[in-house]
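Structure first, commentary second.
FYI, the numbering just counts along the sequence from 1. Just so it is clear, the model here is predicted, and its values are computed rather than measured.
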Amino acid sequence: MSSVGSPPPRRRPASPLRRSTAGALVAALAGTLLAVVPTTAAQAAETLLSQGRTATASTLEGAVFPASAAVDGDLGTRWASQWQDAQWLQVDLGASKQLSRAVLTWEAAYGKSYEIQASDNGTDWRTVTAVSAGDGGTDEVALSGSGRYVRMNGLTRGTGYGYSLWEFQVYGSTDGTGPTLPGGGDLGPNVHVYDPSTPGLQAKLDTVFQEQESAQFGAGRHAFLLKPGTYNGLNAQLGFYTQIAGLGVRPDDTTINGDVTVDAGWFNGNATQNFWRGAEGLALNPVNGTDRWAVSQASSFRRMHVKGGLNLAPNGYGWASGGYIADSKIDGQVGNYSQQQWYTRDSTIGGWSNSVWNQTFSGTEGAPATSFPEPRYTTLDTTPISREKPYLIWEDNQYKVFSPAKRTNARGTTWANGAPQGEKIPLSQFYVVKPGTTAATMNQAVQQGLHLLITPGVYHVDRPIEINRANTIVLGLGLATIIPDNGAAAMKVADVDGVRLAGFLVDAGPVNSPVLLELGPQNSATDHAANPTTVQDVYIRIGGAGPGKATTSMVVNSDDVIVDHTWVWRADHGDGVGWETNRADYGVRVYGDDVLATGLFVEHFNKYDVEWYGERGRTIFYQNEKAYDAPNQAAIQNGATKGYAAYRVDDSVNTHEAWGLGSYCNYNVDSTIVQDHGFKAPVKPGVKFHSLLVVSLGGMGHYNHVINDTGASTIPAGTSTVPSTVVSFP
C-alpha cells in the first residue's frame with residue numbers, strides 16, 4: 001500500500017507495562033526460534049520464505065510496532081495490533097510458493113484462536129490451518145498447498161491487549177518458481193568495455209555521440225567502461241543516456257590524456273537541456289588545461305580527478321541550469337560562469353568562480369565561504385552523513401562491484417589517502433539484467449539472494465520490482481530506464497537495512513501510477529541509522545518521452561534514508577506534455593524520520609513538489625521550478641493560499657533543517673499567476689532554513705514572499721529576473 005494519503009501517525013514508545021517483559025521474553029525466545037529453524041538434511045529443500053518480505057496489518061498499536069517488524073528476523077522488534085478483535089498480519093512472499101509450516105513467536109499479547117490463510121492475489125483467502133486453543137509462546141503449525149500471500153487472521157485474543165508477534169515465519173519451497181537464476185555473465189550489447197590496447201575507442205565514442213547528441217527522448221542507452229591504464233588522445237563527447245566510467249577502485253587508476261566533454265552545440269549553445277548522462281572514476285589531463293562539463297539536471301560527475309580546471313558553461317557561455325559533483329578533485333579552478341545553481345559534495349577544488357543564484361557546497365575542501373545572498377554561496381564544512389554510490393571495478397581478471405562505506409561528518413574525497421573503505425562484491429553475486437528481462441525475473445533473482453546489475457536499455461515492468469532483502473544493490477548502467485505498465489509502481493523497497501539504489505531512470509507510463517518509487521511500506525519505523533538505504537543518481541520522469549502520469553513520484557517511508565542526487569521531473573517539454581496530459585500532483589513525499597537529501601532537484605508538479613512529514617529531516621541543496629503550464633490562477637489555488645509551495649514542511653514537524661534552496665517560476669501560459677510563497681514551514685525553534693531564494697524568470701508569474709510571509713515579493717523586480725532572498729528562517 002502506498003502512502004499517498006495523509007501522513008502516518010506520530011510514533012510513540014511502547015506501553016511501560018508491556019515493555020517491562022520484553023527483555024526476558026527476548027532472551028527466552030531466542031533459543032526457541034533457533035530450535036525451529038530447519039537444520040537436517042531431510043529439511044534441506046525447505047526455505048524461510050517470509051523474512052524481509054513486505055508485510056501489512058489490519059491495524060497498529062503504534063507506529064513503533066510496524067508489520068515489517070514481524071518478518072525482519074529480529075527478536076527485539078515486533079508487530080502489535082490495536083486492542084480489539086479481529087486483527088490480521090499478512091506477508092507477501094513475492095510469488096506463489098509451496099507452503100510447509102509457519103512459526104509464530106508471540107509476545108505476551110497472543111492469539112488464543114486464529115487462522116493461517118493463503119491467497120494468490122491478496123483478496124481471495126483460503127484457510128490452511130486453524131488454532132483454537134493457543135496459549136502464547138511459540139506456535140509451530142503445519143501448512144499445505146501454495147500461495148503468494150500468507151496471513152495470520154486473529155479471531156480471539158488471549159489477553160486484554162491486542163495481537164503481538166515478535167516473528168511470523170513462513171517456510172516452504174521455491175519449487176515451481178522457475179530454474180535457479182545464474183549470477184554474473186557478460187554485460188550485454190550496450191556496454192562498451194575497453195582497455196588501453198583495444199583499438200577503435202575514439203571511433204566508437206564518436207559514433208555513439210552522433211546517435212545520442214540530440215536524442216533527448218530516444219531509446220538509446222550506452223555505457224563505456226575503461227579498464228585501468230592510460231588512454232591517450234581521447235575526446236569522449238557525451239550525449240544523452242551515455243555514461244563513461246573507469247574500472248579502477250581509485251580515479252587515478254584510469255587516466256585519460258584528453259577530455260570528457262559535454263557541450264551544447266546541438267541546442268545552439270544553450271545547455272539547459274543537457275540532461276541524463278554521467279562520468280565516474282577517471283583522471284583527466286585536459287588537452288588545453290580545462291575540461292568542459294556543461295550540463296543541467298540528472299548529470300553526475302563522481303569520483304573524477306581533473307588535473308586542471310573544469311568549465312561548467314557551454315562554448316559561448318550560454319545558459320546552463322545546474323548539476324552535481326561528488327567525491328572528486330579538481331586541481332584547478334571550477335569555472336561556474338552561467339550555471340544557475342550547483343551542488344558540490346565531499347570534494348577538493350582549487351577554487352570557484354562566480355555565482356548566479358544558488359551555489360552550495362558541503363564537505364568540500366577549497367570551497368568559498370558562505371556569503372549568501374551575495375555572492376550566492378552556501379557552504380557547510382562537512383556533510384553529516386554520506387556513502388558513495390556503488391560502482392563496477394575490474395580486478396583479478398573479473399568484474400566486481402565496490403560498495404563504499406558510510407562516512408559521518410565527511411570532508412574531502414574517499415580516495416585522497418589511498419584506497420577508499422568499502423566492500424568488493426564479485427559479479428557472480430549479481431543478476432545481470434539485460435533488455436527483455438521481466439520484473440518477475442528480477443524479483444526472483446532478489447529472492448535468490450542476488451543483487452541486480454541493470455545494463456543499458458528500456459525495461460517495461462507489469463509489476464513492481466520488489467527489493468525485500470537487506471543490503472541489496474540495484475545498480476544501473478547507462479541510465480537504464482524502467483517504465484511501469486498499467487499503473488504499477490516501478491520499484492518498492494521493504495523496510496530493511498542498507499539497500500543501495502543507483503544509476504537508473506524511472507519513466508512513468510500512460511496509466512496513472514499511485515506511486516513510482518516507494519522506499520519502505522506505510523508506517524515503517526525500523527531504525528536504519530547504522531546502515532541506511534541510499535538513493536543515488538536515480539531519476540524520475542513524468543512525460544516528455546510520451547504521456548505519463550503518477551500521483552506521487554517518490555515516497556520515502558523508511559527512516560534514515562539518504563537521497564543523494566536525484567532529479568524528479570514532471571516534463572515541461574517533449575511529447576505527452578500538458579496540465580492534465582502528464583498529470584503528477586506530488587514529486588517527493590517524506591514520511592520517514594532522519595531522512596537526509598543531498599542534492600535534491602524536483603520540478604513542475606501540479607501541486608506540492610516536496611512535502612516533508614518526518615522528523616529531523618535535512619536537505620542540503622534544493623532546486624525547483626514550479627509548473628510552467630498552469631492554465632490560470634484557479635488551477636493552482638490551494639484553499640485560501642495562492643499556489644502550492646515548492647517545498648513544504650508539515651505543521652506537525654518539530655525539527656527540520658535545510659540549506660541552499662531555490663524555487664523559480666515561469667508561468668508561460670498565464671504570466672499573471674502569483675504564488676503566495678515558494679516555501680512553507682511551521683514556525684518552531686527546531687525548524688530552520690538557511691539561504692533561500694525565489695526568482696521570477698522574466699516576469700512570467702511572481703512570488704509574494706520567499707517562505708511563509710517572510711521575504712520580499714518578486715513583483716518589484718518586474719522582468720529583470722532578480723532573486724528575492726532570505727538568509728535564515730525563522
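Between K626 and D609, at least one side-chain nitrogen of the basic residue sits less than 4.0 Å from a carboxylate oxygen of the acidic one, meeting the salt-bridge criterion. A salt bridge links E280 with K389: the closest approach of a Lys/Arg side-chain nitrogen to an acidic carboxylate oxygen falls below 4.0 angstrom. R303 and D252 are not joined by a salt bridge, as no carboxylate oxygen comes within less than 4.0 angstrom of a charged side-chain nitrogen. Comment: R302 engages D564 in a salt bridge, judged by a side-chain N to carboxylate O separation of less than 4.0 angstrom. Ion pairing between a basic and an acidic side chain is recognised when a charged N comes within 4.0 Å of a carboxylate O; R583 and D585 show such pairing.
Annotation: Y241 is not in aromatic contact with H222 [ring centroid separation under 6.0 Å not met]. In this structure, Y343 has its ring center at least 6.0 angstrom away from the ring center of W659. Checked against the 6.0 Å centroid threshold, W569 and W276 count as a close aromatic pair. Under the 6.0 Å cut-off for aromatic ring centres, Y539 and H565 qualify, their centroids lying closer than that. Between F621 and F601, the distance from one ring center to the other falls under 6.0 angstrom. With ring centers used as reference points, Y667 lies 6.0 Å or more from Y628.
Residues that satisfy the side chain to side chain contact (heavy atoms under 4.5 Å, CB included) test with P196, not counting sequence neighbours, are Y231.
Closest approach of I244 to A236, counting heavy atoms only: CD1-CB, 3.7 Å. Here the closest heavy-atom approach between residue S720 and residue A717 is recorded as OG-O, 2.5 Å. Of all heavy-atom pairs spanning L205 and L234, the tightest one is CD1-CD2, 4.3 Å. Residues E388 and T414 share a closest heavy-atom pair of CG-CG2, 3.7 Å. In this structure, K549 and T581 approach most closely via the heavy-atom pair CE-O, 3.3 Å. Scanning all heavy atoms of the two residues, the minimum distance from Q339 to V295 falls at NE2-O, 2.8 Å.
The closest side-chain donor-acceptor pair between E213 and Q237, if any, does not fall under 3.5 angstrom. Checked by atom type, the side-chain pair H573/Q216 shows a donor-acceptor distance below 3.5 Å. For the residue pair T230 / N232, no side-chain donor-acceptor distance below 3.5 Å is found, with atom types taken as modelled. Inspection of the T714 and S696 side chains reveals no N or O donor paired with an N or O acceptor under 3.5 Å. Using modelled atom types and a 3.5 Å distance limit, the side chains of N638 and Y608 yield a donor-acceptor pair. Of the N and O atoms on the side chains of Y703 and S663, at least one donor lies less than 3.5 Å from an acceptor on the other residue. Using a 3.5 Å distance cut-off with no hydrogens or angles, the side chains of D327 and T413 do not pair a donor with an acceptor. For N235 and D259, the side-chain atoms include no donor-acceptor pair closer than 3.5 Å. Using modelled atom types, one finds a donor on one side chain and an acceptor on the other under 3.5 Å when comparing Q202 with D206. For the residue pair N704 and D676, a side-chain donor N or O sits within less than 3.5 Å of a side-chain acceptor on the partner. Looking at T261 and D263, their side chains never bring a donor and an acceptor atom within 3.5 Å of each other. Checking W266 against N274 by side-chain atom types alone, a donor-acceptor pair falls below 3.5 Å.
For residues 312-323, the set of pairs meeting the side chain to side chain donor-acceptor pair (under 3.5 Å) definition, not counting sequence neighbours, comprises Q297-S321, S321-Q340, S321-Q341.
Without hydrogens or angle criteria, S371 side chain to P375 main chain gives a donor-acceptor distance under 3.5 Å. A donor-acceptor pair under 3.5 Å is formed between the side chain of D670 and the backbone N or O of T672. One N or O on the side chain of Y622 and one on the backbone of A646 form a donor-acceptor pair closer than 3.5 Å. The main-chain N or O of G335 is never found under 3.5 Å from a side-chain atom of Q333 such that the two would form a donor-acceptor pair. In this structure a side-chain-to-backbone donor-acceptor pair under 3.5 Å is present from T721 to G698. Checked by atom type and distance alone, the side chain of N582 pairs as donor or acceptor with a backbone atom of I542 at under 3.5 Å. Listed for the H690 side chain is no donor-acceptor partner under 3.5 Å among the backbone atoms of S728. Side-chain atoms of S724 do not come within 3.5 Å of backbone N or O of G711 as any donor-acceptor pair. The main-chain N or O of K680 is never found under 3.5 Å from a side-chain atom of R648 such that the two would form a donor-acceptor pair. In this structure, the side chain of R221 does not engage the main chain of G478 through any donor-acceptor pair within 3.5 Å.
By the 6.0 Å and 45° rule, R589 stacks over the aromatic ring of Y586.
In this pair, W567 and F275 present their aromatic rings tilted. The plane angle is within the 30 to 60° band. Ring pair H305/W415 is tilted by interplanar angle, where 30° to 60° counts as tilted.
N358 places none of its side-chain heavy atoms less than 4.5 Å from the side chain of R376. At least one side-chain heavy atom of S338 sits under 4.5 Å from a side-chain heavy atom of P314. Residues V602 and Q623 have side chains not in contact (no heavy-atom distance under 4.5 Å, counting atoms from C-beta outward). Looking only at side-chain heavy atoms (C-beta outward), I540 and L517 come within less than 4.5 Å of each other. When side chains are defined from C-beta on, V706 does not count as touching F729, because their heavy atoms never get closer than 4.5 Å. Counting heavy atoms from C-beta on, the side chains of W293 and N311 never come closer than 4.5 Å. By the 4.5 Å heavy-atom criterion applied to side chains, M304 and L284 are counted as neighbours.
For the pairing with W352, the side-chain contact (heavy atoms from CB on, under 4.5 Å) check across L310, L312, T379 returns one residue only, L312. W357 pairs with exactly one of Y664, W342, Y377 by the ring pair (Phe, Tyr, Trp, His ring centres under 6.0 Å) rule, that one being Y664.
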Output side-chain donor-acceptor pairs under 3.5 Å for residues 503-510, partner residues at least two apart or in another chain, one line each.
{"residue": "D507", "atom": "OD1", "partner": "R541", "partner atom": "NE", "Å": "3.3"}
{"residue": "D507", "atom": "OD2", "partner": "R541", "partner atom": "NE", "Å": "3.4"}
{"residue": "D507", "atom": "OD2", "partner": "R541", "partner atom": "NH2", "Å": "2.6"}

Next on the checklist: Please determine whether side chain to side chain contact (heavy atoms under 4.5 Å, CB included) holds for the pair I483 and V458, giving the CA-CA distance in whole Å, both sets of side-chain angles, and the decisive distance to 0.1 Å.
Outcome noted: CA-CA 7 Å; I483 302 176; V458 177; 3.6 Å; yes
Checklist entry - What do the steps show when you test I349 against T364 for side chain to side chain contact (heavy atoms under 4.5 Å, CB included), and what is the final call? => result CA-CA 7 Å; I349 60 176; T364 298; 4.2 Å; yes
Checklist entry - When you look at Q212 and R277, which way does the side chain to side chain contact (heavy atoms under 4.5 Å, CB included) test go after all the steps? => result CA-CA 10 Å; Q212 299 300 117; R277 61 201 78 197; over 6 Å; no
